[in-house]
Amino acid sequence: MDKKCICQETQRHFLNRAFERLKLKGSQRELLLSSFRETRITVPVTLRHNGENRLHTFQGYRVQHNHARGPFKGGLRFHPDVNMGEIRALAQLMTWKTALVDIPFGGAKGGVAVDPRQLNETELEELSKRFCQKMAPIIGVYDDIPAPDIGTNPQVMAWMLDEYSKTHGFRTAIVTGKPVELGGSAGRLEATGHGVAHLAHKAAAEMSLVPEQSRVVIQGFGNVGSHTAIALANKGYKIIALSDVNGGVINEAGFSIDHVLAHVNENGGLTDLPGSSPISNADLLELPCDILVPAALEATITCDNAEAIRARLIVEAANMPVTHRADARLQQRGIVIVPDLLANVGGVLASYYEWVQNLQQFPWDRELVLSRLEKRLSHAYEAVRDLARERQVDLRAAAYELAIGRVEEAIRLRGF
Ligand code: GLU
């Protein structure tokens, strides 16, 4: 089965389980599953190829899932595998995330099927601006606020802000995850990883894991994976294996994250990291460890490797890294999972703080952003954990139940 089907099937499974528990009627379920609007966007860009200019047409998408609790909110992904099915599932997930952490947003997601590493800076700027120009009629400061996701970054957001501002005036709140110089929030860049580490630490403490004796494996060393590694290392955890798209590295004694970052800055990746041995991405997932953090793409833990996973705690930094069938097997084996909609919610939470600062034209300092972030994440974690205990279910089931219940209540109160 391809990835897009796995994502949709996984999402559908978790939702149906929550719908049953919440005793929702067929009509309520249908509304919660339906996107408000699904837009397909053609993005033509002039590419330089073998010394010649050639027009290339990329396929873009923006799915606005639900806005019962506030404006649509969610990232934009630049990745070759982007397709409508995947974006639809991820847009739904954003609705549950914003509800779970109780911020006044709905859920959306977008992206372009492109490998950004194949484009030069000028081409990437043209792609970002053209995509934003074509999305402009459906986004807005109080309507839909995009943000970065896989393959996009603060620079892409800066280009989009520029494009949108040409026709709407300077509107910093139109996108979040911007560079700090253009209204971005202090702490936004590291917020997702910081939140993953904060929640990993909370869950680990409840399992009586001691940081200095806990072995951590992180799959994916992009923005989220690297900041998770930094924050966990700062708390004293032993990071024994890391990976990026080109493969992994292992050091049983634990990495010095400063050395890893210096190597990555100089060489563009983890390959040939001094003092480490190479390991494949597949083998890395199966290493015996206390905490496993999948921080790459969807569906990395499936039925094919679920039985081989030897972690005690899995913290889902990526969106949908564990399929529902794998989830059932891991739960049976007593492996604790902090689910994506809770584990990586720090990103959109910091986006909310950025949006608030932009609307008020009043920047906060990093300490304030991160302390508010931690407080709210702890609150969400405790609410999910308490519901899980009360219902005798796992954290994922409790998180979905809590989030969907809030969205359903907003729909009921608004009367549509
Ligand atoms: N792309 C991030 C996510 O999946 C952040 C979205 C946002 O900040 O709006 O949660």
Side-chain angles (χ1 to χ4, degrees), residues 190-267 269-296 300-301 305 308-318 321-322 330 333-338 340 342-344 346 370 374 377-378 381 395:
E190 63 266 42
T192 314
H194 190 90
V196 171
H198 180 73
L199 293 171
H201 186 54
K202 267 189 98 68
E206 289 189 345
M207 295 167 70
S208 306
L209 293 176
V210 177
E212 289 70 19
Q213 289 156 23
S214 299
R215 292 154 53 90
V216 178
V217 171
I218 301 179
Q219 187 223 15
F221 204 68
N223 178 46
V224 179
S226 60
H227 283 111
T228 302
I230 295 168
L232 282 175
N234 285 342
K235 290 180 193 299
Y237 288 87
K238 208 159 102 175
I239 319 285
I240 60 148
L242 295 164
S243 70
D244 61 22
V245 275
N246 298 316
V249 286
I250 175 165
N251 175 352
E252 290 284 351
F255 290 112
S256 144
I257 293 302
D258 289 342
H259 287 156
V260 176
L261 293 171
H263 177 84
V264 170
N265 278 342
E266 218 165 279
N267 302 280
L270 294 162
T271 314
D272 297 332
L273 177 72
S276 74
S277 316
I279 181 168
S280 73
N281 251 307
D283 290 344
L284 173 130
L285 289 171
E286 298 173 9
L287 284 171
C289 63
D290 297 289
I291 307 177
L292 172 62
V293 183
T300 44
I301 303 179
N305 58 358
I309 300 292
R310 283 178 288 167
R312 295 176 64 190
L313 170 64
I314 297 178
V315 186
E316 295 183 345
V322 177
L330 297 168
R333 292 176 48 215
I335 298 174
V336 176
I337 303 179
V338 181
D340 49 7
L342 177 61
N344 67 34
L370 295 182
E374 286 182 7
L377 287 178
S378 295
Y381 176 85
L395 294 174

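Just so you know, these numbers come straight off a predicted model, no measurement behind them. The first residue in the sequence is number 1, and the count goes up from there. The figures that follow rest on heavy atoms only: side chains count, while hydrogens, waters and symmetry mates do not.
Of the possible polar contacts, none joining the R312 side chain to the L209 backbone as a donor-acceptor pair under 3.5 Å is found. Distance alone, capped at 3.5 Å, places no donor-acceptor pair between the N223 side chain and the E190 backbone. Formation of a donor-acceptor pair under 3.5 Å by the D290 side chain with backbone atoms of V210 is not found in this model. For R310 (side chain) and L287 (main-chain N/O), no donor-acceptor pair under 3.5 Å exists by modelled atom type. For N267 (side chain) and G269 (main-chain N/O), no donor-acceptor pair under 3.5 Å exists by modelled atom type. D340 places no side-chain N or O within 3.5 Å of a backbone atom of A318 that could act as its donor or acceptor partner.
In this structure, the separation between CD1 on I239 and CG on L232 is 5.0 Å, given to the nearest 0.5 Å. How far CD of E286 is from CG of N305: 5.5 Å, rounded to the nearest 0.5 Å. One finds the CZ atom of R215 at 12.0 Å from the CG atom of L292 (value rounded to the nearest 0.5 Å). Put simply, OH on Y381 and CG on L199 are 8.0 Å apart, with the number rounded to the nearest 0.5 Å. In this structure, CG in L270 is found 4.0 Å from CG in D244, a value given to the nearest 0.5 Å.
Closest non-hydrogen pair, I250 versus P278, comes out as CG2-O, 4.5 Å. A pairwise comparison of heavy atoms in I240 and E252 identifies CG2-O, 3.7 Å as the closest pair. Scanning both residues, T271 and H263, for their nearest heavy atoms gives O-NE2, 2.8 Å. L242 and A229 make their closest contact through CD2-CB, 4.3 Å (heavy atoms, listed as atom of the first residue, atom of the second, distance). Considering all non-hydrogen atoms of both residues, P211 and K235 come closest at CB-O, 3.5 Å. In this structure, V315 and A200 approach most closely via the heavy-atom pair CG2-CB, 3.8 Å.
Taking the six-membered ring wherever Trp is involved, the centroid distance between the rings of Y237 and H201 falls below 6.0 Å.
Put simply, the side chain of I337 reaches to within 4.5 Å of the side chain of E316, judged on heavy atoms.
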Query raised in the report: Between L395 and L342, does a side-chain contact (heavy atoms from CB on, under 4.5 Å) hold up when you go through it step by step?
Result: CA-CA 9 Å; L395 294 174; L342 177 61; 5.6 Å; no

**Report entry** Worked verdict on I301 versus I314 for side-chain contact (heavy atoms from CB on, under 4.5 Å)
**Finding:** CA-CA 11 Å; I301 303 179; I314 297 178; 4.3 Å; yes

Report task. Please step through side-chain contact (heavy atoms from CB on, under 4.5 Å) for the pair L261 and I230, ending with a clear verdict. Result -> CA-CA 9 Å; L261 293 171; I230 295 168; 3.6 Å; yes

Query raised in the report: Run the side-chain contact (heavy atoms from CB on, under 4.5 Å) check on L285 and Q219 step by step: do they pass?
Result: CA-CA 7 Å; L285 289 171; Q219 187 223 15; 4.0 Å; yes

